[in-house]
Amino acid sequence: MERFVYTASPSRIVFGADSIDQLPAEIERLGATRALVLCTPNQREQAQAIADRLPGRIAGIFDEAAMHVPIETARKARALASELKADCALAVGGGSTIGLGKAIALESGLPIIAVPTTYAGSEATPIYGITEAGLKKTGRDARVLPRVVIYDPRLTLSLPLDLTVTSAINAMAHAAEGLYAHDGNPVISLMAEEGIRACAAALQPLRENPRDLPARSQALYGAWLCGTVLGAVSMGLHHKLCHTLGGTFDLPHAQVHTVVLPHALAYNASAAPEAMARIARALGVADAAMGFFELARTHGAAVSLKAIDMPAAGLEHAADLAVSNQYPNPRPLEKAALRALLGRAWEGAPPQA
Ligand SMILES: NC(=O)C1=CN([C@@H]2O[C@H](COP(=O)(O)OP(=O)(O)OC[C@H]3O[C@@H](n4cnc5c(N)ncnc54)[C@H](O)[C@@H]3O)[C@@H](O)[C@H]2O)C=CC1
Ligand SMILES: O=C(O)/C=C\C(=O)CC(=O)O
């Protein structure tokens with residue numbers, strides 16, 4: 001066994017169907033009496049229903065969470081938290097809403113209770129992202145790691161099927177890159193493999209019935225594991241490409257992950273054979289990259305950047321950006337090979353080493 005460092009995350013996880021019933025006790029445990037509830041406009045009703053379970057403990061609801069946390073939204077939410085003297089942020093939603101809670105916590109140290117309703121995994125990480133003047137900056141800070149996460153699969157029953165598939169692949173991407181992270185460790189690799197297995201296995205039953213509670217539970221369990229991997233070790237080429245593409249061309253987050261993952265894995269395959277074997281085993285396929293390509297296609301997700309409105313004229317610029325910062329990745333970053341990768345991803349061609 002090689003030497004490694006493992007840092008466990010100090011979050012408290014409350015998992016299972018109806019675990020939202022534990023919310024009043026969890027808020028009390030934190031000693032909070034004035035929670036600011038955060039959500040997107042789409043999830044206002046769901047957030048209100050949760051707030052209604054907490055009479056006397058809600059300071060207000062802010063329903064303007066938006067993807068990639070625009071700085072203007074963060075400022076507005078921070079000002080409201082301060083004005084209402086909130087003593088905790090209760091984020092009900094996906095990565096965008098939890099990201100808004102993190103933007104508040106980063107400045108104020110307010111504890112976050114996260115109630116995730118997608119599989120993005122932000123609730124399990126100390127990573128924040130804020131977008132200012134078209135540029136998304138991300139960083140790590142222990143203050144933004146939610147203190148408590150309530151994973152209630154019932155709250156994911158309403159997640160539309162297309163987002164269910166792409167969000168689950170977003171989750172599995174964390175685990176896939178965690179398996180070849182330069183700072184990986186055996187515990188995180190176990191979580192990664194199990195996370196991929198659980199998320200992938202949930203997709204077929206959810207396609208047949210998006211309200212299948214055991215399958216929702218399995219997907220959410222997998223998402224927790226995959227998010228934990230993201231929070232614990234460094235990501236490589238795939239995540240960097242997705243951030244570049246998403247941020248520069250304003251592409252939808254989970255869908256970009258879904259398109260890019262097979263191509264990023266094919267690029268890294270020869271340099272990370274053991275990770276590829278573990279990913280393939282978790283998916284129950286022969287080849288990791290093709291496995292993800294087929295998984296997305298089988299479940300009706302877009303497999304080309306073209307289909308999610310990435311302009312072809314931006315490919316050269318994206319390749320330049322991809323090599324502008326070097327970072328640890330199993331295979332060195334080569335401009336010509338990355339340009340070819342992006343071309344295949346744009347077309348929706350199968351992944352190629
Ligand atoms: N900091 C971190 O560790 C991470 C941050 N992120 C960030 O999170 C954002 C993406 O988060 P996502 O969860 O993919 O999307 P999202 O949070 O933007 O949600 C997408 C849409 O689905 C709706 N939705 C969410 N759950 C629903 C449900 N159960 N039923 C019906 N509608 C529902 C939302 O209201 C929203 O309109 C990106 O900005 C990304 O960068 C993603 C992963 C990790
Ligand atoms: O961009 C962020 O807000 C931080 C991390 C992620 O989005 C991880 C991911 O790409 O899914």
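First listed ligand is number 1; within each ligand, the first listed atom is number 1. Note that the coordinates shown come from a computational prediction; the quantities given were computed from them, not determined experimentally.
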Find the distance between [atom1] ([X]) and [atom2] ([Y]) and round it off to the nearest 0.5 Å.
| X | Y | atom1 | atom2 | answer |
| --- | --- | --- | --- | --- |
| W346 | M310 | CH2 | CE | 9.0 Å |
| L315 | L305 | CG | CG | 7.0 Å |
| R140 | T138 | CZ | OG1 | 9.0 Å |

Inset, instruction - Search all heavy atoms of L206 against all heavy atoms of L161 and return the closest pair with its distance. - result: O-CD1, 3.6 Å

Legend entry - For E123, the option from V115, T118, I98, V148 that meets side-chain contact (heavy atoms from CB on, under 4.5 Å): I98

Inset, instruction - Please examine the side chains of L163 and T166, heavy atoms only from C-beta on, and report whether any two atoms are closer than 4.5 Å. - result: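 T166 reaches L163 side chain to side chain.
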
Inset, instruction - Assess R331 against Y267: is NZ or CZ under 6.0 Å from the centre of the six-membered ring, and within 45 degrees of the ring's axis? - result: yes

Inset, instruction - Report yes or no: do I169 and M290 belong to one cluster of Ile/Leu/Val/Met/Phe/Trp/Tyr joined by side chain heavy-atom distances under 4.5 Å? - result: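 I169 and M290: separate clusters.
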
Inset, instruction - May I ask you to check whether H257 and H238 place their ring centres under 6.0 Å from each other? - result: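 So the answer is yes for these two rings.
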
Legend entry - Neighbouring protein residues of ligand 1 - any heavy atom closer than 4.0 Å: T40, N42, Q43, M67, H68, G94, G95, S96, K102, T117, T118, A120, S122, T125, I127, K136, L155, T156, S158, L159, L163, L230, H253

Please produce the table of protein N or O atoms sitting under 3.5 Å from N or O atoms belonging to ligand 2, one pair a line, distance to 0.1 Å.
residue: ligand 2; atom: 1 (O); partner: K136; partner atom: NZ; Å: 2.9
residue: ligand 2; atom: 3 (O); partner: K136; partner atom: NZ; Å: 3.1
residue: ligand 2; atom: 7 (O); partner: H243; partner atom: NE2; Å: 3.4
residue: ligand 2; atom: 10 (O); partner: H243; partner atom: NE2; Å: 2.8
residue: ligand 2; atom: 10 (O); partner: H257; partner atom: NE2; Å: 2.8
residue: ligand 2; atom: 11 (O); partner: N170; partner atom: ND2; Å: 3.0
residue: ligand 2; atom: 11 (O); partner: H253; partner atom: NE2; Å: 2.8
residue: ligand 2; atom: 11 (O); partner: H257; partner atom: NE2; Å: 3.2

